Amino acid sequence: WTSPCTTSMAGASACTSSEQWWQRWYRGCMTTLNRAFESRSWSRIPAGSADLKLIACDMDGTLVLPDGRLPEELWPLLERLGERGITFVPASGRQYATLAAMFEGRPGRSSFIAENGNLVVHQGQVISSDSLEPGTVHEVIDLVRGADRDLGLVVCGRETAWIERTDAGFEGEVRRYYAELRKVSDLHEVEDTVLKLAIYDADDSATVADTMLEPLSATHQVVVSGSNWVDVMTPWPDNGRAWLRLQAELGLGAQQTAAFGDYHNDLELLAAAQWSFAMANAHPDVIAAARYIAPANSELGVIRVLEHLLGL
């Protein structure tokens with residue numbers, strides 16, 4: 001490497017270009033990144049070229065708009081997908097009751113992947129469910145209680161979600177994702193089949209995953225599912241395995257499936273679909289893993305890509 005600057009005999013530095021070297025370096029990096037994005041852009045796929053039968057779509061940061069609403073443009077699209085015999089599957093860390101309520105009364109909503117793959121429902125029937133052993137549940141309850149951080153815990157059960165922390169800030173955040181929610185004075189006394197444990201960190205969930213919960217990662221999945229959420233689950237379930245179970249139930253393979261996601265808990269889901277899309281607003285790890293890049297959720301990325309793929 002040769003510096004664009006030279007030193008005069010008097011010791012003063014004189015730049016050989018009107019631009020500083022770091023400005024040229026930065027511009028070069030951005031050009032390289034833009035070219036990489038363009039080479040994997042959804043718009044490079046020929047319109048109407050995908051023979052899709054199954055679509056999995058993450059919710060928060062992917063389909064849901066930044067203000068928390070589902071886009072109105074989704075409903076006519078779902079009707080057209082149904083007319084073509086294409087199954088659209090919401091896949092999320094949210095509980096099943098929440099997902100079902102979001103799509104209540106809409107045609108063709110027969111399949112859901114909930115609780116980050118721990119619960120798969122097809123046509124109203126549970127086709128897959130995984131649960132944590134009680135010892136792990138009690139261990140995490142005590143860890144959260146004894147932490148020196150601003151943490152809150154949701155015990156995600158088959159029956160409902162459970163919390164013992166009830167301040168307005170935490171409860172309001174929880175109710176965004178859990179339509180069925182009960183408050184108890186002691187989480188140790190909950191009698192329910194626990195699908196996963198969701199820990200809320202008001203500052204940074206990745207720090208909790210890498211420190212307090214790190215010992216659990218040897219025997220369980222510790223998954224950062226958002227900037228403020230980290231999930232503890234059994235070693236085997238994830239959105240990808242749940243997706244494979246649903247594919248098997250419907251007799252479909254990766255070639256006829258598409259998946260959309262934005263965060264680490266979507267990585268396995270994307271890997272199980274030939275048509276995998278990371279949102280432009282996704283975590284860099286997800287963008288690196290996906291086959292294609294879709295517009296951001298704020299730009300109706302999922303809807304625009306599906307209309308393009310199917311020639312609608």
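This structure is a prediction, so every number in the text was calculated from the model and none was measured.
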ask   = What distance do Thr257 atom OG1 and Asp51 atom CG have between them, rounded to the nearest 0.5 Å?
value = 11.0 Å
inquiry  = Could you report the tightest heavy-atom contact between Ala209 and Val224, atom names first, then the distance?
reply    = CB-CG2, 3.8 Å
ask   = Less than 4.5 Å apart, any side-chain heavy atom of Phe277 and any of Leu309?
value = yes
ask   = Do His220 and Leu132 come within less than 4.5 Å of each other through their side chains, counting heavy atoms only?
value = yes
Joint hydrophobic cluster, Val184 plus Val174, side-chain heavy atoms closer than 4.5 Å = no
query = Would you say the side chain of Leu197 lies within less than 4.5 Å of the side chain of Val155, judging by non-hydrogen atoms?
reply = yes
ask   = Could you give the distance from CZ (Phe260) to OG1 (Thr62), rounded to the nearest 0.5 Å?
value = 9.5 Å
task = State, to 0.1 Å, how close Leu65 and Pro71 come at their nearest heavy-atom pair, and which atoms those are.
result = CD1-CA, 4.0 Å
task = To the nearest 0.5 angstrom, please state how far the SG atom of Cys156 sits from the NZ atom of Lys196.
result = 5.0 Å
query = Do any N or O atoms from the side chain of Glu73 and from the backbone of Ile303 form a donor-acceptor pair under 3.5 angstrom?
reply = no
ask   = Between Glu173 and Arg176, is there a side-chain N and carboxylate O pair less than 4.0 Å apart?
value = yes
query = Where the side chain of Ser205 meets the backbone of Asp201, is there a donor-acceptor pair that is under 3.5 Å apart?
reply = no
key: Set of salt bridge (charged side-chain N to carboxylate O under 4.0 Å, His left out) partners for Arg145, sequence neighbours left out   = Glu164, Asp186
query = Between Trp229 and Tyr177, what is the ring plane arrangement, given parallel below 30°, perpendicular above 60°, and tilted in between?
reply = perpendicular
task = Determine yes or no for a side-chain-to-main-chain donor-acceptor pair under 3.5 angstrom, with Asp266 supplying the side chain and Leu269 the backbone.
result = no
key: Side chains of Val305 and Tyr292 in contact at under 4.5 Å (non-hydrogen atoms)   = no
query = Can you find a heavy atom in the side chain of Leu54 that is under 4.5 Å from one in the side chain of Trp243?
reply = yes
inquiry  = Measuring only between side-chain heavy atoms, which start at C-beta, is Arg158 closer than 4.5 Å to Val126?
reply    = yes
request  = Taking all non-hydrogen atoms of both residues into account, name the closest pair between Arg84 and Lys53 and its distance.
outcome  = O-NZ, 4.0 Å
query = Using 30° and 60° as the class limits, which term best fits the ring planes of His283 and Tyr263: parallel, tilted or perpendicular?
reply = perpendicular
message = I'd like to check the salt bridge (charged side-chain N to carboxylate O under 4.0 Å, His left out) partners of Glu249; sequence neighbours left out, ordered by chain and number.
response = none
note = Between Met212 and Leu143 the two heavy atoms that sit nearest each other are SD-O, 3.6 Å
request  = Please report the closest heavy-atom contact between Asp210 and Glu214, naming both atoms and the distance.
outcome  = O-CB, 3.5 Å
